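One-based numbering along the sequence shown. These figures come from a predicted structure and were not determined experimentally. Ligands are counted one by one from 1 in listed order, and the atoms in each one are counted from 1 as well.
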Amino acid sequence: MPVIHVALDVPVNTLFDYLALDTTAQDIGVRVCVPFGKKQMTGVIMGVSTRSLIPSSKLRHATHIFRDIPPLSSSLLDLFRFCSTYYHHPLGEVVMNGLPGRLRSIKPIVADPAASQYRLTPMGYAISLSTIPARNIVKRRLLAGLKESGIMHIEEVKQLSRRAPAVLKEFMMLSWVEETVATLPSSAASRSEVTSPGPVLTADQESAVNNVAAKISDFNTWLLHGITGSGKTEVYLQLISLLLRQGRQTLVLVPEINLTPQLEAIFRSRFPATQLVSLHSGLNPGERVNAWLQAQRGEAMIILGTRLAVFTPLPKLGLIIVDEEQDISFKQQEGLRYSARDVAIFRAKHANAPVILGSATPSLESYYNALRGRYLRLHLSSRAVKNATLPAVRCIDTRAAKTKEGFSAPLITALEKCLTLNQQSLVFINRRGYAPVLLCKSCAWTATCHRCASRLVVHLREKKLRCHYCGHQERFPSICPECGDQDIAPFGHGTQRVEAALADRFPEARIVRIDRDSTRRKNAWQKILKDIQEQRVDILVGTQILAKGHDFPNLSLVSILNSDASLFSTDFRASERLFAQLMQVAGRAGRATISGEVLIQTEFPDHPLYQALRRQDYGSLAQTLLAERKSAGFPPYVYQALLRAEGLQIDTVLDFLARAAAMAKAPQRIEIFDPVPAQMARLKGMERAYLLIQSGSRKQLQEFLSVWRAKLDTLSAQRVRWVLDVDPLEF
Ligand code: ADP
Ligand code: ZN
Ligand code: ZN
């Protein structure tokens with residue numbers, strides 16, 4: 001009897017063998033329900049053979065093979081295998097985590113009933129009506145109905161009998177019936193449809209489009225380096241349009257925070273008759289699986305999504321775009337710690353298709369690859385809208401111009417001027433809440449989270465203290481719990497405090513705060529965007545949510561508060577990130593025909609980072625940072641991996657890491673550092689530490705990790721949870 005090798009969502013790096021009647025190599029990539037211990041689990045068939053290392057008397061039988069949707073393609077399975085190998089993560093977890101929740105359940109999928117239609121499988125057709133006992137009226141009726149009409153809509157099924165939908169499910173379990181989602185009538189027309197042509201391209205845009213178009217059928221990694229407002233989106237649109245004419249799919253990956261209705265709307269209005277699906281965390285499970293299926297069937301031609309979308313099946317894949325490629329939300333920070341950008345590059349290579357990494361401030365890794373000629377650089381050096389120029393950037397030295405409630409006099413004057421001119425301004429402070437610290441002035445006590453190594457943030461309006469790492473919240477104390485003094489007060493500034501200060505200073509201004517708290521409710525962000533667009537807002541106060549991708553045509557002033565702290569961080573990527581963030585925020589000003597100004601309040605106006613920002617000179621800062629990285633031996637000049645561990649006691653965690661290091665027997669060219677506590681040394685009650693491994697050779701690092709990983713599995717790790725993090729971004 002055939003043996004199937006099944007990937008299951010368990011933290012062991014092996015496939016599990018089961019007996020399964022009537023399976024052939026055609027079933028590779030099909031989901032299967034199997035007994036695992038005392039439960040039933042769904043997995044994916046990765047291989048079919050006639051033998052197993054386990055004696056057949058001990059093998060159990062698969063419970064059910066799902067043939068409700070086509071099998072996962074071999075190229076998708078290869079992508080999962082690559083991730084498992086490269087990230088040294090159990091294959092079963094990689095495969096199952098890459099699938100929508102509905103496909104992981106032990107039930108067959110029932111897609112959106114409104115759109116669903118059902119038809120018999122070949123097996124279902126072969127069932128003769130006479131084999132069904134006459135008393136099973138509904139079964140007979142349904143089978144007869146399906147045979148007669150070929151395809152039935154759920155509504156038609158319901159008309160047969162109230163019990164018919166349940167019977168339909170039963171038929172699906174038996175693999176007699178399969179679901180086909182009704183295609184939109186417009187989809188057939190999509191290929192022939194003439195899409196609106198878009199604006200006349202700038203010379204930079206045209207050359208970028210032509211360069212990629214000339215090699216549209218080859219794998220290359222293109223770095224589309226374009227200043228803010230240079231029209232990168234238009235380059236994407238032109239290339240997508242080319243792919244649509246060839247009947248090929250484009251995958252567009254965007255950062256978590258950037259998946260705004262705005263971008264989706266731009267795509268939809270340019271390609272109104274093309275099926276576009278958008279995959280992000282806001283979808284319910286039914287919507288997600290439907291979108292996934294449309295992509296798998298090759299009907300959805302544009303797939304727009306956040307990092308997880310990189311695992312969408314794409315039979316006609318022709319192009320991948322990663323917008324804002326430097327964004328850290330492309331890296332998953334738990335479980336399988338993959339970088340969607342890097343996986344996208346592997347995927348494009350495998351599909352022999354181009355991949356475009358777009359950014360105004362590329363990650364140093366990507367920039368370095370472009371300098372070395374491994375990536376091909378495309379440069380957009382001016383703003384796309386006629387006469388729109390880059391904003392002038394100035395620093396306000398707060399050692400000379402003292403601040404009051406966070407604002408210096410020159411900044412207040414500039415805001416005032418905007419108000420009189422009826423232009424919008426933006427105040428950027430990357431910290432939500434009222435104040436980051438609650439401080440006792442007599443004994444210097446600060447409120448901290450008992451579960452994390454973090455301070456509690458003051459949320460004054462709700463009279464709460466909140467941990468921004470674990471969500472813990474508590475009441476505002478009335479006296480200092482340490483010394484009993486009443487003189488406890490918020491210290492420092494967050495968005496709420498800045499908003500309050502502005503409201504105080506400009507009572508007539510319409511101020512809106514934009515951070516995770518104010519945009520949490522569904523559609524809140526959309527409403528705010530509309531208010532901004534329709535000029536019902538004078539001053540925007542917000543965090544990085546504001547920084548990305550939005551077009552605010554009437555915005556002329558951007559001011560930046562409290563960014564100095566990141567200049568002296570211990571994280572070697574802090575400068576790179578701060579620069580990217582500030583360039584992005586600065587880029588919101590003067591995007592249309594109003595010229596813009598950016599004011600930075602700082603005590604270090606001569607810092608090279610602010611100097612580079614003033615000149616909007618990514619290149620020179622990148623050179624400086626690369627030189628620093630080279631001499632310090634940091635990426636991109638070395639490749640890194642972390643063994644992360646956490647447990648209730650820091651000693652057990654460090655002890656585990658020390659034992660892991662001791663058994664590593666690292667060859668030459670692999671450096672292993674001492675175990676150290678993580679930057680967030682405690683999170684949600686768990687003590688955390690890591691071991692850093694690095695090498696100048698990616699290949700050697702990979703070889704070492706494979707051998708070491710197998711040994712780690714044998715190491716007793718009682719009361720410690722560990723994971724390997726390849727190419728870590730956080731420490
Ligand atoms: P980026 O993503 O590079 O910051 P966008 O793609 O958002 O820039 O484009 C900035 C603005 O320029 C948008 O309003 C867009 O409609 C406009 N734009 C893009 N290309 C052109 C063009 N060739 N001619 C006129 N306007 C353009
Ligand atoms: Zn005190
Ligand atoms: Zn906490």
K.L.:
Treating T624 as the side-chain partner and S620 as the backbone partner, does any N or O pair qualify as donor plus acceptor under 3.5 Å?
P.N.:
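Between the backbone of S620 and the side chain of T624 there is a qualifying donor-acceptor contact (under 3.5 Å).
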
K.L.:
Does ligand 1 have any atom sitting under 4.0 Å from a heavy atom of G226?
P.N.:
no

K.L.:
Whether R573 and E730 form a salt bridge (side-chain N of Lys/Arg under 4.0 Å from carboxylate O of Asp/Glu) is what I want to check.
P.N.:
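The answer is no: the pair does not qualify as a salt bridge.
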
K.L.:
For Q486, look at atom CD and say whether over 12 heavy atoms of other residues, nucleotides or ligands are found less than 6.0 Å away.
P.N.:
no

K.L.:
For the metal site, I want the angle between atom SG of C480 and atom SG of C443 with the Zn ion (ligand 2) at the apex, to 10°.
P.N.:
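Between SG of C480 and SG of C443, the angle at the Zn ion (ligand 2) is about 110°.
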
K.L.:
Using a 3.5 Å distance criterion without hydrogens, assess whether the side chain of S425 forms a donor-acceptor pair with backbone atoms of C418.
P.N.:
no

K.L.:
Going by an N to O cut-off under 4.0 Å, is there a salt bridge joining D531 and R510?
P.N.:
no

K.L.:
Looking at non-hydrogen atoms alone, which of L263, T233, I227 comes nearest to atom 2 (O) of ligand 1?
P.N.:
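Closest candidate by heavy-atom distance is T233.
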
K.L.:
Under 4.0 Å from a heavy atom of S230: give me the atoms of ligand 1 that qualify, with their elements.
P.N.:
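What qualifies from ligand 1 is 3 (O), 8 (O).
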
K.L.:
Is Q205 touching ligand 1 with its side chain, its backbone, both, or neither, if touching means heavy atoms under 4.0 Å apart?
P.N.:
side chain

K.L.:
Going by distance only, is there an N or O of T228 that falls short of 3.5 Å from an N or O of ligand 1?
P.N.:
no

K.L.:
For ligand 1, note which part of V200 has a heavy atom under 4.0 Å away: side chain, backbone, both or neither.
P.N.:
backbone

K.L.:
Which value, rounded to 10°, describes the SG(C452)-the Zn ion (ligand 3)-SG(C449) angle?
P.N.:
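It is 110°, given to the nearest 10°.
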
K.L.:
Is the closest basic N to carboxylate O distance between E324 and K232 below 4.0 Å?
P.N.:
no

K.L.:
Do you see an N/O/S atom of H468, backbone or side chain, under 2.8 Å from the Zn ion (ligand 3)?
P.N.:
no

K.L.:
I want to know if ligand 1 touches P199 in the polar sense, i.e. an N/O pair below 3.5 angstrom.
P.N.:
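Checking ligand 1 against P199, no N or O pair falls under 3.5 Å apart.
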
K.L.:
Under 2.8 Å from the Zn ion (ligand 3), is there any N, O or S atom belonging to H472?
P.N.:
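Short answer: no, not a single N, O or S atom is under the cut-off.
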
K.L.:
Output yes when R270 and E234 qualify as a salt bridge under the 4.0 Å nitrogen-oxygen rule, no when they do not.
P.N.:
yes

K.L.:
For the pair Y618 and H225, name the ring-plane relationship: parallel under 30°, tilted 30 to 60°, perpendicular over 60°.
P.N.:
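Y618 and H225: perpendicular rings.
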
K.L.:
For G231, is at least one N or O under 3.5 Å away from an N or O on ligand 1?
P.N.:
yes

